[in-house]
Amino acid sequence: MCGLFAYVGSVNAVPILLDGLRSVEYRGYDSAGISVITESGSIETRKRGDHKASLNNLHSAVTDDQLFGLVGIGHTRWATHGVVNHANSHPHSSVDGSISIAHNGIIENFLDIRDELLDSGVELSSETDSEVIAHLAGNYLATGHSLRDSLVKTVGQLKGNMVVIAVATSEPSKVVGLRLGNAGGIVVGKNEDSAFMASDTVALLSHTAEVVYLESGQVVEIESGSFRLFDFNGKPIEGKSVKTDQSFRAAQKGKYPDFMSKEIAEQPEAIQRAIAGRVNLVSGELEMPEITLSANQIRSIDRVLITGMGTSLHAGMFGASMIESLARIPASAENSSELRYRNPVIGSNTLIIAVTQSGETADTLAAMEYASQQGSCQIAVLEQEGSQAARIADFTLPIHAGQEIGVASTKTMIASMTTLLELSIFLARVRSVIDVDRVKQLVEQISTLPSLVASTLDRNGETSDVAKHLAKFTDLLYLGRGSQLPIALEGALKMKELAYIHAEGYPAGEMKHGVNALLGADMPTVVCAPNNHLYEKMLSNISEVKARGGEVMAIVSDSDDTLERIVDQVIRIPDCSEFLQPFLTLVPLQLLAYTTALELGRDPDQPRNLAKTVTVE
Ligand code: AGP
């Protein structure tokens with residue numbers, strides 16, 4: 001989950017590297033560092049391993065030094081091996097200083113390699129697995145191999161998924177990068193006199209409008225104004241160019257204090273984009289042009305298994321409930337890290353749906369690979385269309401949420417839910433479970449979703465009092481039933497990852513099976529209790545909490561005139577059809593977590609210990 005950036009060009013690389021690292025900092029920000037090839041031909045490295053301040057401190061360090069070079073690499077780190085400190089920060093150099101590398105991924109046979117190096121007399125300067133790459137590659141360089149060959153030979157000795165970028169004094173006008181497996185990507189771009197590499201497209205948006213994504217087993221050399229791709233056998237290959245249609249603005253905060261609040265506010269727009277091209281609001285028809293399965297193939301689906309991690313798993317849970325209730329296909333959602341290892345029975349008539357905004361989550365990719373081997377049809381619901389998941393799946397359903405910089409997912413959740421809802425209706429229609437009139441009815445209601453979410457956002461003020469109160473507690477309980485359960489789980493996840501408060505999401509029906517023991521004044525309960533077929537059940541759960549001295553904050557419908565007299569605080573959402581309610585209860589829970597985080601002085605864009613894309617398991 002680290003951020004990588006590299007530059008070769010005609011101006012000082014240092015400010016460009018720092019700017020590039022700023023764009024990928026959300027992938028990991030424990031520490032940061034750069035290496036440049038100076039005018040004297042040597043490699044100069046500057047790094048800072050002091051947690052959050054690392055990139056800012058690095059910035060001042062290199063500015064004070066007047067560091068200069070036309071070729072360089074940079075890295076922002078999310079620690080996997082070795083504590084967060086200066087020595088463990090990347091880039092890492094060989095003993096003779098002939099090469100400097102930055103790495104993303106995990107070297108699974110690191111201990112064996114380390115012992116071999118120690119036995120050969122190499123003195124390691126860090127606890128990281130990455131450092132061994134610099135030493136092994138340095139040995140190859142010392143025997144006359146090119147930088148590209150040295151890296152490929154080095155990686156050939158290593159086990160695991162990784163991305164490596166490197167500079168060497170023997171070839172001072174280029175940077176080499178390679179990708180092996182699913183440890184995140186490398187995207188390459190150029191303009192008239194420069195060339196760039198990065199772990200994310202967003203870092204290249206201000207430099208180029210066209211990029212190439214490296215596949216696993218590919219290596220790239222970038223030089224001033226050009227780049228060349230090869231396979232690991234040295235055969236030149238033509239990369240597939242992709243236009244970067246994510247507007248640069250999307251990567252900026254605009255009028256918002258942080259990306260989190262911007263992306264929460266963008267949700268009506270995100271829904272609109274997820275609807276466009278699939279829902280015809282005039283004719284009331286719904287199409288999924290991306291899915292070219294025949295009607296018979298769709299009718300032969302006998303099970304839907306949705307997989308994802310974190311927020312994407314919660315979106316998947318919502319999708320499973322929609323598919324089962326609308327298309328009447330048995331559907332479930334499962335955590336990818338569990339699915340991939342339990343040797344699941346996946347038949348050829350099982351439809352696998354992977355939900356992954358980045359398309360690079362290691363566990364989700366592994367679950368997809370497993371499912372592919374079982375011969376099932378796969379759909380990937382994702383944001384990053386050039387990602388690994390898009391390559392594994394048979395069909396991709398872009399969610400069109402736009403670049404999401406905040407580590408905590410918000411608009412990608414609601415866009416994934418919208419896309420999964422559309423898919424549910426599509427499957428139900430093709431299987432003749434619903435007729436065209438019912439489709440029209442559902443489409444008409446979906447068309448109101450952007451404005452319903454917008455009006456829910458406008459009620460942000462109702463969450464600030466609740467947030468101030470919840471910020472005083474260390475434990476919170478979130479309860480939901482049916483399609484509100486994934487929302488309760490998501491609300492709890494947001495509170496954990498943004499405010500660092502222990503928050504547990506639970507099926508409300510579980511209360512009597514142990515959870516009641518926790519109830520009391522020291523643990524408030526947040527409940528999703530809109531007017532729906534499970535409202536009465538939620539009412540009795542709320543009474544259980546109140547009877548045991550617990551406070552209750554309830555998300556309720558506008559027309560609810562009961563709960564206000566029972567609970568401690570209510571946050572209201574507009575009245576709407578039950579299948580749209582999860583989109584609306586989600587919003588105040590996002591705002592609650594965001595506002596509580598601010599109340600506690602947390603950084604909402606870069607929560608501690610987290611990274612936007614988890615490319616290692
Ligand atoms: C949630 O706010 C986090 N960003 C995290 O749980 C995320 O949803 C999860 O890591 C899955 O990421 P993906 O959608 O890119 O696969």
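Atoms within a ligand are numbered from 1 in the order they appear, just like the ligands themselves.
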Which protein heavy atom lies closest to atom 15 (O) of ligand 1, and at what distance to 0.1 Å?
Ser358 OG, 2.6 Å

Find all atoms of ligand 1 within a distance of less than 4.0 Å from any non-hydrogen atom belonging to Lys494, and give their numbers and elements.
1 (C), 2 (O)

Any idea how Phe5 and Phe196 line up, ring-wise: parallel (<30°), tilted (30 to 60°), or perpendicular (>60°)?
tilted

Residues forming a side-chain hydrogen bond (donor to acceptor under 3.5 Å, both in side chains) with Asp19, sequence neighbours excluded:
none

Under the criterion side-chain contact (heavy atoms from CB on, under 4.5 Å), which of Leu158, Leu4, Val164 is the partner of His103?
Val164

Is there a donor in the side chain of Ser312 and an acceptor in the side chain of Gln357, or the other way round, less than 3.5 Å apart?
no

Ligand 1 atoms nearer than 4.0 angstrom to some heavy atom of Gly310 are 6 (O)

For Ser241 and Glu210, does a side-chain donor sit closer than 3.5 Å to a side-chain acceptor?
yes

Can you pull out the closest protein heavy atom to atom 10 (O) of ligand 1? Residue, atom name and distance to 0.1 Å, please.
Val614 CG2, 4.0 Å

For ligand 1, which atoms, with element, lie under 4.0 Å from some heavy atom of Val407?
2 (O), 3 (C), 4 (N)

Glu497: numbered ligand 1 atoms lying under 4.0 Å from its heavy atoms:
1 (C), 2 (O), 3 (C)

Below 4.0 Å, non-hydrogen atoms only: which portion of Glu360 touches ligand 1? Side chain, backbone, both or neither.
neither

Any N or O of Thr311 that comes nearer than 3.5 Å to an N or O of ligand 1?
yes

What about Glu490: any of its N or O atoms under 3.5 Å from an N or O on ligand 1?
no

Per the salt bridge (Lys or Arg N to Asp or Glu O under 4.0 Å) rule, what does the pair list look like for residues 470-485, sequence neighbours excluded?
none

Which protein non-hydrogen atom lies closest to atom 11 (C) of ligand 1, naming both residue and atom, and how far is it?
Met309 O, 3.3 Å

Numbered atoms of ligand 1 (with element) below 4.0 Å of Ser312, judged on heavy atoms
8 (O), 13 (P), 14 (O)

Please tell me whether Thr307 and Ser336 have a donor and an acceptor in their side chains that are separated by less than 3.5 angstrom.
yes

What protein heavy atom lies closest to atom 13 (P) of ligand 1? Include the residue and the distance to one decimal.
Thr361 OG1, 3.3 Å

Working to the nearest 0.5 Å, report the span between CE of Met322 and OG of Ser483.
5.0 Å

